[in-house]
Amino acid sequence: MSDKTLQSFNIYQFQEHLIDWFVDQQRDLPWRKNKDPYKVWVSEIMLQQTKVDTVIPYFHHFMKKFPTVHDLAMAEEQEVLKAWEGLGYYSRARNLHQAAKDVVEKYDGVIPSNPKELGALKGIGPYTKGAILSIAFMQEEPAVDGNVMRVLSRLLKIEDDIARPKTRKRFEQIVRDMISGANPSHFNQALMELGALICTPKSPTCLLCPVMEHCRAFHSGVEETLPIKSKAKKPKLETFVVLLIKDKDHTYMIEQRPTDGLLANLWQFPMVPLKEVGLENLELWFFTEYGFHISLQDQIGERRHVFTHLIWDLKIYEARVSGKMEGKKDFIFVESEALHTYPFPVSHKKIMEYIEQDD
DNA sequence: AAGACGGGGAG
DNA sequence: CTCCCAGTCTT
């Protein structure tokens with residue numbers, strides 16, 4: 001035992017109470033029907049930063065479309081992004097796709113069961129590695145996510161800032177000590193399930209908790225003040241003009257975003273950074289940027305879209321093609337009925353509502 | 001260690 | 001509206 005936090009903590013009785021509760025009370029979730037490593041992998045990637053209820057329909061659709069790691073490896077990235085559309089953090093989809101190709105090429109389609117090779121795959125960090133190793137391969141590895149840090153902070157009354165990278169490492173060592181001798185799959189999933197159902201961020205239902213008697217925060221009455229977490233800084237505001245550029249054939253201009261950064265490789269209506277360009281210079285700026293002329297028409301709406309680190313203020317304008325099109329940049333004109341075949345960020349999906357149906 | 005990277009739900 | 005949630009990669 002390398003962390004004295006667990007001195008005088010009854011690990012084996014804790015394991016029994018926790019796992020008995022989990023076996024009895026766990027939710028019936030689609031990725032719990034078997035322990036196919038591919039399904040465990042996909043579900044764990046989807047569940048990063050994302051609620052179970054949101055993930056369920058995406059998981060069903062994804063498994064129908066890409067039933068095996070081979071199917072995923074063979075797919076076009078655009079298909080994978082389309083299946084991910086609306087789920088957010090799209091680098092997860094691109095990394096999962098790349099990793100599936102690597103698994104097929106390097107490991108003949110067999111997902112590696114050792115920590116080193118598994119953890120080297122794109123998008124598989126310490127948490128996901130531990131989750132796959134414990135759930136699919138029954139190895140005694142920690143899988144420390146936000147639920148686990150919250151549960152253990154309270155259980156052991158640990159006041160370290162869970163926003164710090166160092167804190168996760170401490171919890172990993174604690175789990176290594178606590179998981180010993182237990183069913184690794186049940187133990188890790190039980191900690192996370194407890195965090196989701198009982199030991200919730202606000203107003204935890206301690207009176208229903210199967211490990212209440214083990215919980216140091218509950219005994220001290222401080223469960224509501226844990227875990228300690230430093231706050232994120234405020235997102236900064238960015239203002240854009242979004243152009244719904246209609247061609248004479250009832251088609252609209254869309255473009256693909258860059259291969260790196262925010263919403264990489266997704267499609268969008270052209271966006272003009274308003275602060276830098278200014279409404280007066282917009283048409284000239286557009287010609288310089290895209291190589292053909294438009295005429296700006298009326299503003300037809302405005303939306304705010306909030307990301308973790310920034311806010312988009314989107315002023316939606318109609319525009320018309322008014323010049324020859326000899327494109328400098330990559331863009332296409334697409335019939336309004338066909339827009340839905342391209343992966344768009346949620347913000348631009350909502351902008352599609354401003355397009356009239358009867359044109 | 002700090003910042004980039006989405007989107008949804010609760011109150 | 002405001003607040004909360006939080007894995008991995010990059011720098």
Side-chain angles (χ1 to χ4, degrees), chain A residues 40-58 81 83-99 118-132 141-153 160-172 188 191-192 195-197 199-205 224-238 257-268 302-314 343-351:
Chain A
V40 173
W41 178 19
V42 172
S43 68
E44 290 300 338
I45 299 294
M46 286 187 171
L47 287 164
Q48 291 169 9
Q49 333 297 96
T50 312
K51 303 249 186 305
V52 163
D53 289 343
T54 305
V55 166
I56 288 173
Y58 283 89
L81 284 174
W84 212 268
E85 184 183 69
L87 207 47
Y89 286 116
Y90 299 93
S91 66
R92 292 184 297 171
R94 293 186 293 117
N95 287 336
L96 176 62
H97 184 220
Q98 182 58 55
L118 190 63
L121 293 170
K122 285 272 191 189
I124 299 186
Y127 163 73
T128 307
K129 179 175 64 177
I132 296 172
E141 291 286 328
V144 175
D145 71 349
N147 284 307
V148 172
M149 288 198 283
R150 183 174 61 256
V151 169
L152 294 182
S153 290
D160 298 12
D161 181 357
I162 66 168
R164 295 166 62 88
K166 222 182 141 182
T167 304
R168 200 207 72 237
K169 291 182 179 294
R170 183 181 176 195
F171 282 121
E172 282 176 351
N188 280 336
L191 278 182
M192 293 187 273
L197 299 181
C199 196
T200 48
K202 283 177 291 186
S203 311
T205 48
E224 297 267 17
T225 71
L226 290 172
I228 306 291
K229 185 179 178 183
S230 54
K231 322 207 186 331
K233 59 169 203 174
K234 279 186 182 166
K236 66 172 196 286
L237 181 69
E238 292 181 354
R257 292 180 59 85
T259 52
D260 292 301
L262 182 67
L263 304 165
N265 289 356
L266 272 67
W267 293 77
Q268 66 177 15
E302 178 165 17
R303 302 194 68 100
R304 288 175 95 78
H305 192 80
V306 179
F307 301 91
T308 305
H309 58 300
L310 58 92
I311 302 172
W312 275 359
D313 177 17
L314 304 178
F344 281 82
V346 165
S347 51
H348 282 245
K349 290 285 275 194
K350 289 180 175 166
I351 287 169

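Chain A is the first sequence line, chain B the second, and so forth, proteins listed ahead of strands; every chain is numbered from 1. Note that the coordinates shown come from a computational prediction; the quantities given were computed from them, not determined experimentally.
The phosphate of B:dG6 has neither OP1 nor OP2 within less than 4.0 Å of any side-chain N or O from A:His305.
Remark on DNA chain B: of its neighbouring residues A:Thr308 and A:Arg164, the 5'-side contact belongs to A:Arg164, judged by nearest-heavy-atom nucleotide. Judged by closest nucleotide on DNA chain C, A:Lys231 is the one of A:Lys231 and A:Arg168 placed further toward the 5' end. Of the two residues near DNA chain B, A:Val306 and A:Lys233, the one whose nearest nucleotide lies more 5' is A:Lys233.
If you check every strand for non-hydrogen atoms under 4.0 Å, A:Leu47 touches nothing. Residue contacts for A:Tyr89: at a heavy-atom cut-off of 4.0 Å it reaches a base atom on one of the strands shown. Residue A:Thr128 is in sugar-phosphate contact alone, with no base atom involved, counting any heavy-atom pair closer than 4.0 Å across all strands shown. Using a 4.0 Å heavy-atom cutoff across all strands shown, A:Arg150 reaches sugar-phosphate atoms only and no base atom. Looking at heavy-atom distances under 4.0 Å, A:Ser91 makes no contact with the nucleic acid at all. In this structure, A:Lys229 reaches the bases: a heavy-atom distance under 4.0 Å links it to at least one base atom across the strands shown.
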Taking it one step at a time, do A:Ile45 and A:Trp84 satisfy side chain to side chain contact (heavy atoms under 4.5 Å, CB included)?
CA-CA 11 Å; A:Ile45 299 294; A:Trp84 212 268; 3.8 Å; yes
The test is side chain to side chain contact (heavy atoms under 4.5 Å, CB included); show your working for A:Leu266 and A:Tyr90 and say whether it passes.
CA-CA 9 Å; A:Leu266 272 67; A:Tyr90 299 93; 3.8 Å; yes
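Taking the side chain as every heavy atom from C-beta outward, A:Phe344 and A:Ile351 never approach each other to under 4.5 Å. Side-chain contact check for A:Arg94 versus A:Ser91: some heavy-atom pair is nearer than 4.5 Å. The closest side-chain heavy-atom distance from A:Arg303 to A:Trp312 is not below 4.5 Å. Here the side chains of A:Met149 and A:Lys229 are not in contact, with every heavy-atom distance at 4.5 Å or above. Residues A:Arg304 and A:Leu237 form a side-chain contact, since some pair of their non-hydrogen atoms from C-beta on lies under 4.5 Å apart.
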Every protein N/O within reach of nucleotides 9-11 of chain C N/O, cut-off under 3.5 Å:
| residue | atom | partner | partner atom | Å |
| --- | --- | --- | --- | --- |
| C:dC9 | OP1 | A:Gly123 | N | 2.5 |

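Among the nucleotides C:dC4, B:dC5, B:dG8, the one closest to any side-chain atom of A:Leu262 is B:dC5. Checked against C:dG7, C:dA6, B:dG8, the side chain of A:Lys51 finds its nearest nucleotide in B:dG8. Comparing atom distances between the A:Asn147 side chain and each of B:dG7, C:dT8, C:dA6 picks out C:dA6 as nearest. Nearest nucleotide to the A:His309 side chain, out of B:dC5, B:dG7, C:dC4: B:dC5.
Spacing between atom CD1 of A:Ile56 and atom P of B:dG7 amounts to 20 Å, rounded to whole angstrom units. In this structure, CZ of A:Arg92 is placed 10 Å from C1' of B:dC5, rounded to the nearest angstrom. Put simply, CZ on A:Arg257 is 13 Å from C1' on B:dA4, counting in whole angstrom units. Counting to the nearest Å, the C1' atom of B:dG8 and the CZ atom of A:Phe307 are 13 Å from each other. Across the protein-nucleic acid pair, A:Lys169 atom NZ and C:dG7 atom P stand 15 Å apart, rounded to whole Å. Between the CE atom of A:Met149 and the P atom of C:dT8 there is a distance of 10 Å, rounded to whole Å. As rounded to whole Å, 5 Å separates atom P of C:dT8 from atom CD of A:Gln48. Rounded to whole Å, atom C1' of B:dG6 lies 15 Å from atom CZ of A:Arg303.
Residue side chain A:Gln49 reaches the base of C:dG7 through a donor-acceptor N/O pair under 3.5 Å, judged by distance alone. Contact of A:Thr54 with B:dG8 (side chain to base): no donor-acceptor pair of N or O atoms is detected under 3.5 Å.
Nucleotides B:dC5 and C:dC4 are separated by 23 Å at their P atoms, to the nearest Å. Comparing the same atom, P, in B:dG11 and in C:dA6 gives a spacing of 16 Å after rounding to whole Å. With P as the reference atom, B:dG9 and C:dT8 are 23 Å apart, rounded to whole Å.
Using modelled atom types, one finds a donor on one side chain and an acceptor on the other under 3.5 Å when comparing A:Thr50 with A:Arg92.
Of the inter-residue distances, the one linking A:Lys129 atom NZ with A:Ile124 atom CD1 reads 10.0 Å to the nearest 0.5 angstrom.
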